[in-house]
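Report on the structure given below.
In what follows, every chain begins at residue 1, and chains take the letters A, B, ... in the order their sequences are listed. Since this is a predicted model, take the numbers as computed values, not measurements.
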Number of protein chains: 2
Amino acid sequence: MNLKELSEKLGLSQTTVSRALNGYPEVSETTRRRVQDFARQMNYQPNSNARRLATGKSSTIGHVVPLSSHDMINPHFSDFIAGAGEIYNRHGYDMLISVVSMDAEQSTYETLYRNRRIDGMIVHGPRFDDERIALLTRLKVPFVVHGRTNAPEDSYSWVDVDNRRTFHEAATWLLDAGHRRIGLINGPEFMTFAIWRREGFENALRERGLEPDPAIMTAADMIEPNGHAAMTRFLEQDNPPTAVLCSSMLTSLGALRAVREHDLKPGRDISVIGFDDCLSFLPAMRENPAVSVVQSSIRLAGKACATMLIDQIERNTGPQSLRLDTRLLLGASTGPAPGG
Amino acid sequence: MNLKELSEKLGLSQTTVSRALNGYPEVSETTRRRVQDFARQMNYQPNSNARRLATGKSSTIGHVVPLSSHDMINPHFSDFIAGAGEIYNRHGYDMLISVVSMDAEQSTYETLYRNRRIDGMIVHGPRFDDERIALLTRLKVPFVVHGRTNAPEDSYSWVDVDNRRTFHEAATWLLDAGHRRIGLINGPEFMTFAIWRREGFENALRERGLEPDPAIMTAADMIEPNGHAAMTRFLEQDNPPTAVLCSSMLTSLGALRAVREHDLKPGRDISVIGFDDCLSFLPAMRENPAVSVVQSSIRLAGKACATMLIDQIERNTGPQSLRLDTRLLLGASTGPAPGG
DNA sequence: GTGGGCAGCCAAAGCGCTTTGACTGGCTTT
DNA sequence: AAAGCCAGTCAAAGCGCTTTGGCTGCCCAC
């Protein structure tokens, strides 16, 4: 069933039927009602491709997700799309996901847009001097970055947490608890968030007259085994840390595993704070705070990015931005410095 | 730059240019070369929507992901799409993801297809008497199920592991190790895989003359807190299990957390086996077997589903199926029955 | 020399929508 | 009564591709 047949059966022109169905005002209410009823009865579904061709809009948002060096998709991603997906549905947008290796990323962005397959994009995992921002700006693709890059903050749209402040705060909490030797298990430092987290961490130490020690600082993909490896290395040093800050829930789980393997008790012998993006499937800190975390909702970030992007596409608004809150939740894995 | 302009500048007809670019044989090699070079030089990108309208194919595969009762997307999902995405890229297909609440699922499938937005679908999380299989069959949408339902196995395409056998095997291993009281922390039992896992588990017990005890069996969303809650309940009973089988890596992590909280040592005081879908971001069992698992690659399943579906779409082949292997990896969390 | 075959190209007809611009006829305005 | 207006409708022109069904020449066979 297509528009032509539908309008013939109704004894109306395609124009009128199209307008009736799409809510244009030039149609009498009686006619509109009749058309809508009949369309529903016939189970008429407009051909999206024809509509997209005619309107020049694809009503689709693209997400390019690069595979990390571990050939993996960031596990936070599913939470992000749960949030974004909800908004897309509500506004009649499709979500197009393109999984590519990091080197094919640029061309994917360009092709998707020039092909008119998408109306806008979400940029994930912004990096330092990120070429994608320049590329998308040049192409005039509407886009929103989840995170920030080092380009001027008002030159593009973004949704982010204050990574520097957050890690500054967490480190300061540990310092206040008497810890003097604090380690950092960070994410890959070509990502801006990791850079800023380190800065926040280092600044906090320096403000207390401590010099960050590279021997107890690492940066790698945020997966459990990496947390475990890093913590193991820390603990086997001459002068192990009494507290460690992790950039992810996953690395903190690995770190805690290493702690247990050394027969140490988290929170007593060593404190661990993770960064929980509210992974909906991992320890619900809410009821049972096994681990201390800095918390922020990735799903909320997904919603915010989607809302912002759609606004930008439809109302052609300029760059917007949103800074999301984080909060420090202290669970069983943190405590005062031992012997402090 | 569109086909018309391009062909005008080349002094050729649209037909010829289109054919040259799409590899049809009716064009001389000289012309083809000239057209291709010029198109590249002009950075010509065909309008996908026009092409889709003209061909009637959308070159898009739909994934409808229902939000679970926890409003969450199954975390295995990101691994699955990493696998599927790779195949889609290679064959020029797009991946369309629709996140919907469970009750809107049916209509989403139908709309996506009748709208011609997709050429085929992947069905996730098949349930018992799954209406979606009937619906898609009726609509004549090509589809592949990740998992199986209770419909005849040759009546639709699927990629699955042998859940019954796998859990039978794992339980048998525990029985062989002397365990007589074995618990089960299962996934939601409206999903077929969970039903079959329970059956495999129960059969193994019965073959040894043991009756499964509902007091140490649960079924719920496979998230860490649920594993923790279940194990806690088990341990606080009069007659706690000496071994527990978990349907997921995540619940087994929660279970282990509960074990530790009771000052028991996994593998000595109580054995835990999880089901690891090779979550790329969780403990790499390979190098450091902290937990015992039954292993199968979700990513591989994603690849297999994608390949099968594309084959079905393009060659119009009938139902195919693939049974993936699992293997039992024994790590530190299992051992003989205490005092056995 | 005539006819057939074929490689190579083209014009034009879709694909199924949206949207522009024009046309009714009934109703108000002056 | 003439003029103007407006709500409601329509025909037709796109949107940018693919594909059908020719139409040329040129070469070869008989």
Listed by chain and number, what are the side chain to side chain donor-acceptor pair (under 3.5 Å) partners of A:Thr192, not counting sequence neighbours? none
Would you list the pairs meeting salt bridge (charged side-chain N to carboxylate O under 4.0 Å, His left out) in which at least one residue belongs to residues 38-48 of chain B, sequence neighbours left out? B:Asp37-B:Arg40
Applying ring pair (Phe, Tyr, Trp, His ring centres under 6.0 Å) to A:Tyr88 and not counting sequence neighbours gives A:His63
Hey, could you give me each pair passing salt bridge (charged side-chain N to carboxylate O under 4.0 Å, His left out) that has a residue in residues 302-311 of chain A? Not counting sequence neighbours. A:Glu86-A:Lys303, A:Asp311-A:Arg315
Residue pairs passing the ring-ring contact (aromatic ring centres under 6.0 Å, His included) test with at least one member in residues 15-50 of chain B, sequence neighbours excluded, are none
Using atom CD of A:Glu8 as one end and atom C1' of D:dA11 as the other, report the distance to the nearest whole Å. 14 Å
Of all residues at least two apart in sequence or in a different chain, which pass the side-chain contact (heavy atoms from CB on, under 4.5 Å) check with A:Pro25? none
Taking only residues two or more places apart in sequence, or in another chain, which ones meet A:Arg132 in a side chain to side chain donor-acceptor pair (under 3.5 Å)? A:Glu105, A:Tyr109, A:Asp130
Listed pairs, N/O of protein and of nucleotides 4-6 of chain D, under 3.5 Å:
none

For A:Asp119, check side chain to side chain donor-acceptor pair (under 3.5 Å) against everything at least two apart and list the hits. A:Ser58
Compute the bend angle of the helix from C:dG1-D:dC30 to C:dT30-D:dA1 from the end axes (five pairs per end), rounded to 10°. 50°
Selection from D:dG8, C:dA11, C:dG8 that lies nearest to any side-chain heavy atom of B:Ser28: C:dG8
Side chains of residues 138-154 of chain A: which donor-acceptor pairs under 3.5 Å do they make with residues two or more places apart or in other chains?
from     : atom 1 : to       : atom 2 : distance (Å)
A:Arg148 : NE     : A:Asp160 : OD2    : 3.0
A:Arg148 : NH1    : A:Glu153 : OE2    : 2.8
A:Arg148 : NH2    : A:Asp160 : OD2    : 3.4
A:Arg148 : NH2    : A:Val161 : O      : 3.0
A:Thr149 : OG1    : A:Arg127 : O      : 2.9
A:Asn150 : OD1    : A:Asp129 : N      : 2.6
A:Asn150 : ND2    : A:Asp129 : OD1    : 2.7

At 4.0 Å (heavy atoms only), tell me whether A:Thr31 reaches a base, stays on the sugar-phosphate, or touches nothing. sugar-phosphate
What string of B, S and - do you get for nucleotides 13-20 of chain C, 5' to 3', if B is base contact, S is sugar-phosphate-only contact and - is no contact with any protein heavy atom under 4.0 Å? -BBBBBBB
